[in-house]
Amino acid sequence: MSKKNKIFVACEEANHVCDKTQYKDATLWEKIKLNIHLIYCSACRKYTKNNNKLTKAIKDVDCLDDDYKEKMKKELEKAMKDAI
Amino acid sequence: MLKHEIDPNKWIDLHSDYLFNYTISRISDREIAQDLVQDTFFAGLKSMKNFKGEASERTWLVSILKRKIIDHYRKINSKKGKAEVRMTYSGDENEGDWLEERVANPFNKTAESTLENEELSSAIYNCLDKLPKKQSDVFKMKTISNYETEVICNELNITASNLWVIIHRARTAMAGCLEENWF
């Protein structure tokens with residue numbers, strides 16, 4: 001438990017929390033710890049900055065649903081058999 | 001009979017997301033975009049013999065998709081033609097201004113942002129392709145499909161901390177790759 005309650009965390013943990021934040025998975029306490037860490041750690045500040053940029057960039061990217069892909073695969077396979 | 005450069009079995013895994021993004025930036029309707037991607041694969045299958053291997057499989061599929069998208073717009077435009085309604089001309093300048101011509105550009109975003117978006121998504125997909133398969137799978141599921149951590153863990157049979165390590169590596173690699181190619 002003592003490990004969990006530390007205010008000053010290692011870079012590793014800070015990065016982990018930063019990753020979680022990108023998916024809104026971090027708890028408030030984790031975010032507080034991250035921000036305290038960011039005050040004195042420039043390497044993690046850089047990582048966080050890039051990470052936020054990446055999240056923003058990827059926001060508009062879309063992909064197909066897995067179900068639809070499976071359906072498409074089956075139909076394509078069927079068409080391939082017919083063709084040969 | 002299948003040439004080794006072209007393998008329809010892998011098309012969907014390798015290219016469907018890329019093609020879908022390409023389509024969605026031009027046609028904002030998901031359903032239609034999905035159909036067009038599927039049509040592209042079928043058309044590709046049919047004309048596989050014409051694939052000379054000069055361009056990459058993806059480029060070749062995109063060129064088919066482009067035709068499909070153009071055909072789609074032609075089709076909706078010809079439907080519009082049937083219901084031609086003449087607007088009252090507001091002045092000499094606008095002579096010949098038919099309703100058809102007044103219809104807003106079908107791309108509901110500005111040309112610039114569409115272009116930028118499309119370039120960005122292709123940059124992202126190119127970077128994703130460079131990642132190891134597992135990393136890109138997990139990253140896609142988590143970031144683009146927005147699955148819950150638990151769902152991904154169950155599906156891929158990994159632990160949550162495993163997942164976060166993979167995500168961390170993927171994000172670092174992606175940020176580095178995009179840094180070179182985009183930011």
Side-chain angles (χ1 to χ4, degrees), chain A residues 3-4 9-27 30-31 33-34 37 41-84, chain B residues 1-2 8-9 11-13 16-21 23-25 30-31 33-34 37-38 41-42 44-46 48 113 116-118 120-125 127-128 139-149 155 160-161 163-165 167-168 170-172 174-179 182-183:
Chain A
K3 200 183 160 200
K4 269 195 175 166
V9 294
C11 290
E12 255 173 53
E13 199 188 331
N15 284 344
H16 172 55
V17 175
C18 177
D19 288 333
K20 273 181 155 180
T21 321
Q22 306 305 322
Y23 302 98
K24 301 197 165 63
D25 275 359
T27 60
E30 280 176 326
K31 278 187 275 188
K33 284 194 287 188
L34 170 65
H37 184 89
C41 180
S42 67
C44 289
R45 267 204 302 275
K46 192 169 172 238
Y47 179 74
T48 305
K49 203 177 125 205
N50 278 339
N51 222 351
N52 290 339
K53 247 194 211 167
L54 179 65
T55 303
K56 227 176 124 197
I58 229 147
K59 206 181 65 206
D60 290 328
V61 174
D62 213 336
C63 72
L64 284 163
D65 307 330
D66 284 345
D67 292 344
Y68 189 78
K69 271 193 207 167
E70 282 303 312
K71 210 182 103 204
M72 225 161 44
K73 255 186 207 171
K74 272 182 201 135
E75 281 177 38
L76 197 66
E77 267 168 32
K78 220 178 98 198
M80 271 162 64
K81 267 180 210 149
D82 292 344
I84 294 168
Chain B
M1 281 170 287
L2 301 178
N9 287 309
W11 280 357
I12 289 168
D13 285 331
S16 62
D17 283 329
Y18 184 91
L19 295 182
F20 180 65
N21 250 284
T23 323
I24 207 84
S25 62
R30 277 188 78 94
E31 299 255 314
Q34 283 183 349
V37 171
Q38 178 151 31
F41 286 132
F42 282 126
L45 200 63
K46 264 184 211 153
M48 224 161 60
S113 82
E116 203 170 276
N117 244 322
E118 183 213 323
L120 178 58
S121 3
S122 35
I124 286 170
Y125 272 100
C127 287
L128 267 176
F139 185 76
K140 258 194 226 168
M141 284 172 95
K142 183 80 181 146
T143 318
I144 305 177
S145 312
N146 292 320
Y147 284 123
E148 292 295 323
T149 309
E155 185 125 327
S161 59
L163 176 130
W164 286 109
V165 170
I167 290 280
H168 178 69
R171 291 194 80 94
T172 316
M174 285 299 285
C177 176
L178 286 173
E179 185 91 39
W182 181 259
F183 292 144

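Letters A, B, ... mirror the listed sequences (proteins, then strands); counts begin at 1. Because only heavy atoms are used, hydrogens play no part in the values below, and waters and symmetry mates are left out as well, while side chains stay in.
Atom OH of A/Y23 is separated from atom OG1 of B/T149 by 9.0 Å, given to the nearest 0.5 angstrom. For the atom pair NZ of B/K142 and CG of A/D19, the computed distance is 10.5 Å after rounding to the nearest 0.5 Å. For the atom pair CZ (B/R171) and CG (A/N50), the distance works out to 10.5 Å, reported to the nearest 0.5 Å. Atom-to-atom distance recorded for B/T172:OG1 and A/L54:CG is 9.5 Å, nearest 0.5 angstrom.
The two residues A/N15 and B/H168 come nearest to each other via the heavy atoms CB-CE1, 3.8 Å. Here the closest non-hydrogen pair linking A/I58 and B/F139 is CD1-CE2, 3.4 Å.
Counting heavy-atom pairs under 4.5 Å between each of B/E148, B/M141, B/R30 and chain A puts B/R30 at the top.
With contacts defined as side-chain heavy-atom distances shorter than 4.5 Å, the pair A/K53/B/L178 does not qualify.
No part of B/K46 comes within reach of chain A, as not one of its non-hydrogen atoms sits under 4.5 angstrom from that chain. Proximity to chain A is limited to the side chain of B/F20, based on heavy atoms less than 4.5 angstrom apart. When heavy atoms are compared at a cutoff of 4.5 Å, B/Y125 approaches chain A solely by way of its side chain, counted from C-beta outward.
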